A.B. asks: 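Structure in structure tokens, see below.
Not measured: the values here are computed from a predicted model.
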Amino acid sequence: MITGSRLTLRMLINRGLTLGTKIIIYGAGASGRQLLPALSQASEYYPVAFVDDNPRLQGTVMHGVTVYSPKKMAWLVEKYEVKKILLAMPSASRARKNEVIKQLEGLPCEVLSIPGMVDLVEGKASIDTLRKVSITDLLGRDPVDPVPELIARNIRDKSVMVTGAGGSIGSELCRQILRNAPQTLVLYEVSEYSLYAIERELAEIIRSHNLPTSLYPILGNVQDQEHLERVLRSFKTETIYHAAAYKHVPLVEYNVTDGVRNNVFGTLACAQAAIACNVPKFVLISTDKAVRPTNTMGATKRLAELVLQGLSSSQNTTCFSMVRFGNVLGSSGSVVPLFEKQISAGGPITLTHPDIIRYFMTIPEAAQLVIQAGAMGSGGDVFVLDMGEPVKILDLAHRMVTLSGLKLRDSEHPTGDIEIKTTGLRPGEKLFEELLIGENVMNTLHPRILTANEVMMPWSELTEFLQHLNEACSRFDQQRIRELLLSAPTGFTPTDQICDVMWVKSNS
């Protein structure tokens with residue numbers, strides 16, 4: 001009696017006198033077994049069962065907790081009124097995690113993942129860092145190891161500049177460039193706060209890892225060629241990654257002139273500055289929306305490609321190449337952070353069309369592939385990243401709701417938690433995106449990088465075209481800008497009338 005009472009009291013103290021949130025641990029391997037003692041020291045979670053695919057573990061008892069088959073998951077959730085499921089499989093591939101998540105969808109539980117056990121042991125993470133399983137974890141693919149020679153060719157011991165360094169892609173490019181030991185990294189950015197944020201982050205990485213790279217934050221506009229030349233000469237730049245662009249489709253539709261100036265003439269100014277300063281390598285970050293564009297943003301990005309193709313054929317000082325890819329998870333403007341915010345607010349999730357489809361790639365994978373593709377360029381190359389399988393955005397929204405432990409609310413389920421509302425396609429928005437124009441697609445040294453032969457515009461013709469386009473922008477002549485964009489070999493087929501807000505207002 002004395003022993004039993006003391007053990008009971010000890011258990012109550014260890015569990016904070018309350019059972020806490022009842023959870024199931026998916027994975028009874030080493031990580032799951034090590035997780036249990038850590039959870040017992042906290043009052044927030046109370047493990048009621050293990051679940052594991054291994055038949056040899058099923059039916060065994062670990063630290064007083066029984067291991068069950070995944071087939072009994074629904075029964076366990078109902079019996080113990082489980083609120084959360086912890087995925088104790090930190091080393092599993094994304095494909096394997098995706099399989100497990102599909103088994104858990106439909107259960108009224110929030111799914112969390114644990115940090116790696118190495119991080120727990122080394123103190124880099126704690127049990128309090130349990131986080132929601134992000135849709136990013138499921139859509140992103142397991143990365144392919146980079147080709148070391150490609151990843152370092154244009155970076156190691158060189159002076160590198162990234163335009164748009166504070167943006168989603170630009171900032172990740174800077175992080176990965178830093179890992180490859182450039183001599184100098186110049187951050188070129190028009191937004192003061194974005195430049196401040198990325199410079200502070202990278203400076204801390206350099207300090208903590210004692211890196212030899214010199215870091216320089218430069219405020220500047222990519223349309224200012226004189227300033228660009230001054231910067232390039234000052235730092236003897238050898239490689240430029242041009243990520244600066246206006247990329248939000250509706251905003252460029254509403255601000256056509258600025259979209260054209262930034263995306264087309266900004267690229268032209270950067271390219272001509274690179275030639276004037278004898279910069280050996282120039283890599284343009286392009287987009288799948290440049291293929292048979294239905295919006296102004298896509299047309300301007302295709303024009304930017306034509307500018308580099310034309311300049312590539314007219315000189316041999318700078319090697320220009322372009323890299324196209326689709327949506328990146330977590331970037332500004334991505335549907336994923338938007339949906340997460342809407343779910344946190346209790347809904348509704350706003351969807352432009354139930355049949356809309358997009359390709360997705362994680363930002364780190366995209367940046368890594370951009371660096372390698374640029375290293376393969378020989379002049380005027382258009383590289384296309386393998387984006388994997390397309391994703392239906394409606395299915396994406398469904399999965400994000402269920403991963404949060406919530407239920408959809410619709411006519412068949414009026415008591416659900418989150419409603420999905422269809423708002424209609426925005427100006428210039430496609431139902432699906434494409435990545436190639438030409439059919440002559442070839443493989444490269446990297447399994448996820450392709451190259452395509454595209455229609456070009458002779459530099460002499462392009463120069464005259466750009467002059468007319470610049471004059472139209474100066475006059476704010478939206479009708480003429482639209483005519484010129486339609487006349488260029490971009491495949492531009494707009495789905496909407498001119499939407500520039502000032503032009504519409506002045507003509508109403």
A.B. asks: Please say whether more than 12 non-hydrogen atoms of neighbouring residues, nucleotides or ligands are located less than 6.0 Å from CZ in Phe476.
C.D. replies: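 For Phe476, atom CZ is crowded (more than 12 foreign heavy atoms under 6.0 Å).
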A.B. asks: Return each pair, listed once, that meets ring-ring contact (aromatic ring centres under 6.0 Å, His included) where at least one residue sits in residues 258-295; pairs must be two or more places apart or across chains.
C.D. replies: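 Listed once each, the pairs are His242-Phe282, Phe282-Phe320.
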A.B. asks: Are the side chains of Thr239 and Ile155 in contact, using a 4.5 Å heavy-atom criterion?
C.D. replies: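 A side-chain contact is absent here, since even the closest heavy-atom pair is not under 4.5 Å.
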A.B. asks: Hey, could you give me the CG/CZ distance between Leu369 and Phe325, rounded to the nearest 0.5 Å?
C.D. replies: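 Taking CG in Leu369 and CZ in Phe325, the distance rounds to 9.0 Å.
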A.B. asks: Is the closest side-chain heavy-atom distance between Lys281 and Cys319 below 4.5 Å?
C.D. replies: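 The answer is yes, as the side chains (C-beta and beyond) meet within the 4.5 Å cut-off.
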A.B. asks: Do you see a donor-acceptor pair shorter than 3.5 Å between the side chains of Arg261 and Ser474?
C.D. replies: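 Looking only at side-chain atoms, Ser474 and Arg261 do form a donor-acceptor pair, the distance falling under 3.5 Å.
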A.B. asks: So, do Glu365 and Glu172 sit near enough that their side-chain heavy atoms are less than 4.5 Å apart?
C.D. replies: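 No. Closest side-chain heavy atoms not under 4.5 Å.
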A.B. asks: Can we say Arg200 and Glu204 salt-bridge, meaning some charged N sits less than 4.0 Å from an Asp/Glu carboxylate O?
C.D. replies: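 Answer for the salt bridge query: no.
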A.B. asks: Show the nearest heavy-atom pair for residues Thr294 and Phe492, with the distance to one decimal.
C.D. replies: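 Smallest heavy-atom distance, with atoms named: C-CE1, 3.9 Å.
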A.B. asks: Whether the Thr300 and Asn263 side chains hold a donor-acceptor pair (N or O, under 3.5 Å, no angle test) is what I'd like checked.
C.D. replies: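 Note: Thr300 and Asn263 side chains meet the donor-acceptor criterion.
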A.B. asks: Within a reach of under 6.0 Å around CG of Asp355, are more than 12 heavy atoms found that belong to other residues, nucleotides or ligands?
C.D. replies: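 Yes, the 6.0 Å shell around CG holds more than 12 heavy atoms from other groups.
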A.B. asks: Do Gln479 and Ile498 come close enough that some side-chain heavy atom pair is under 4.5 Å?
C.D. replies: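 Yes - at least one pair of side-chain heavy atoms lies under 4.5 Å apart.
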A.B. asks: A side-chain contact here means heavy atoms from C-beta on lying under 4.5 Å apart; do Tyr246 and Asn255 qualify?
C.D. replies: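 A side-chain contact under 4.5 Å is absent here.
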A.B. asks: Strictly distance-based, threshold 3.5 Å: is any side-chain N or O of Thr296 a donor or acceptor partner for the main-chain N or O of Val252?
C.D. replies: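 Between the backbone of Val252 and the side chain of Thr296 there is no qualifying donor-acceptor contact (under 3.5 Å).
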A.B. asks: Quick check for you: to the nearest 0.5 Å, what is the distance between Ile481 atom CD1 and Arg475 atom CZ?
C.D. replies: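 Nearest 0.5 Å value for the CD1-CZ distance: 9.0 Å.
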A.B. asks: Is the side chain of Asp381 donor-acceptor paired with the backbone N or O of Phe383 at a distance under 3.5 Å, no angle test?
C.D. replies: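 Checked: no pair found.
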A.B. asks: Thr490 and Leu485: which non-hydrogen atoms are nearest, and at how many Å?
C.D. replies: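 In terms of heavy atoms, the two residues are closest at OG1-O, 3.6 Å.
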A.B. asks: First locate atom CG of Leu202, then atom OG of Ser171, and finally report the distance between them rounded to the nearest 0.5 Å.
C.D. replies: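 So the gap between those two atoms works out to 8.5 Å.
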A.B. asks: Distance alone, cut at 3.5 Å: any donor-acceptor contact between the side chains of Tyr254 and His248?
C.D. replies: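 No donor-acceptor contact under 3.5 Å links the two side chains.
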A.B. asks: Please report the shortest heavy-atom distance between Glu192 and Leu219, naming the atom on each side.
C.D. replies: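 Looking at all heavy atoms of both residues, the shortest contact is CA-CD2, 3.7 Å.
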A.B. asks: Between NZ of Lys301 and CG of Leu306, what distance do you get to the nearest 0.5 Å?
C.D. replies: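 Spacing of NZ (Lys301) from CG (Leu306) equals 12.5 Å.
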A.B. asks: Determine the minimum heavy-atom distance between Cys174 and Leu187, stating which atoms define it.
C.D. replies: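 Nearest heavy atoms, Cys174 then Leu187: SG-CD2, 3.5 Å.
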A.B. asks: Take atom CD of Glu464 as the centre, draw a 6.0 Å sphere, and report whether it contains more than 12 heavy atoms from other residues, nucleotides or ligands.
C.D. replies: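 No, CD of Glu464 has 12 or fewer neighbouring heavy atoms, counting only those of other groups under 6.0 Å.
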A.B. asks: Which heavy atom in Ala366 sits nearest to a heavy atom in Leu385, and how many Å separate them?
C.D. replies: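 Minimum heavy-atom separation between Ala366 and Leu385: O-CD1, 4.1 Å.
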A.B. asks: Have Glu305 and Ser286 got a donor and an acceptor in their side chains that come within less than 3.5 Å?
C.D. replies: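 Short answer, yes.
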A.B. asks: Can you give me the closest heavy-atom contact between Leu173 and Ala367, atom names plus distance?
C.D. replies: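 Shortest heavy-atom separation between Leu173 and Ala367 comes out as CD2-O, 3.7 Å.
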A.B. asks: Rounded to the nearest 0.5 Å, how far does CD of Gln309 lie from CG of Leu284?
C.D. replies: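 So the gap between those two atoms works out to 10.0 Å.
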A.B. asks: Classify the side-chain pair Ser159/Glu238 by whether it contains a donor and acceptor separated by less than 3.5 Å.
C.D. replies: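 No donor-acceptor contact under 3.5 Å links the two side chains.
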A.B. asks: Kindly compute the distance separating NE2 (His468) from CG (Asn470), expressed to the nearest 0.5 Å.
C.D. replies: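 Rounded to the nearest 0.5 Å, the NE2-CG separation comes out at 11.5 Å.
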A.B. asks: Could you tell me whether the side chain of Thr184 reaches within less than 4.5 Å of the side chain of Lys236, counting heavy atoms only?
C.D. replies: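 SC-SC contact between Lys236 and Thr184 ruled out.
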A.B. asks: Is any side-chain N of the basic residue among Arg480 and Glu471 closer than 4.0 Å to the acidic one's carboxylate O?
C.D. replies: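 Salt bridge flag = no for Glu471 with Arg480.
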A.B. asks: Report the C-alpha distance between Lys421 and Gln342 in whole Å, list the side-chain angles of each, state the deciding distance to 0.1 Å, and finish with yes or no for side-chain contact (heavy atoms from CB on, under 4.5 Å).
C.D. replies: CA-CA 11 Å; Lys421 287 187 175 180; Gln342 291 174 336; over 6 Å; no
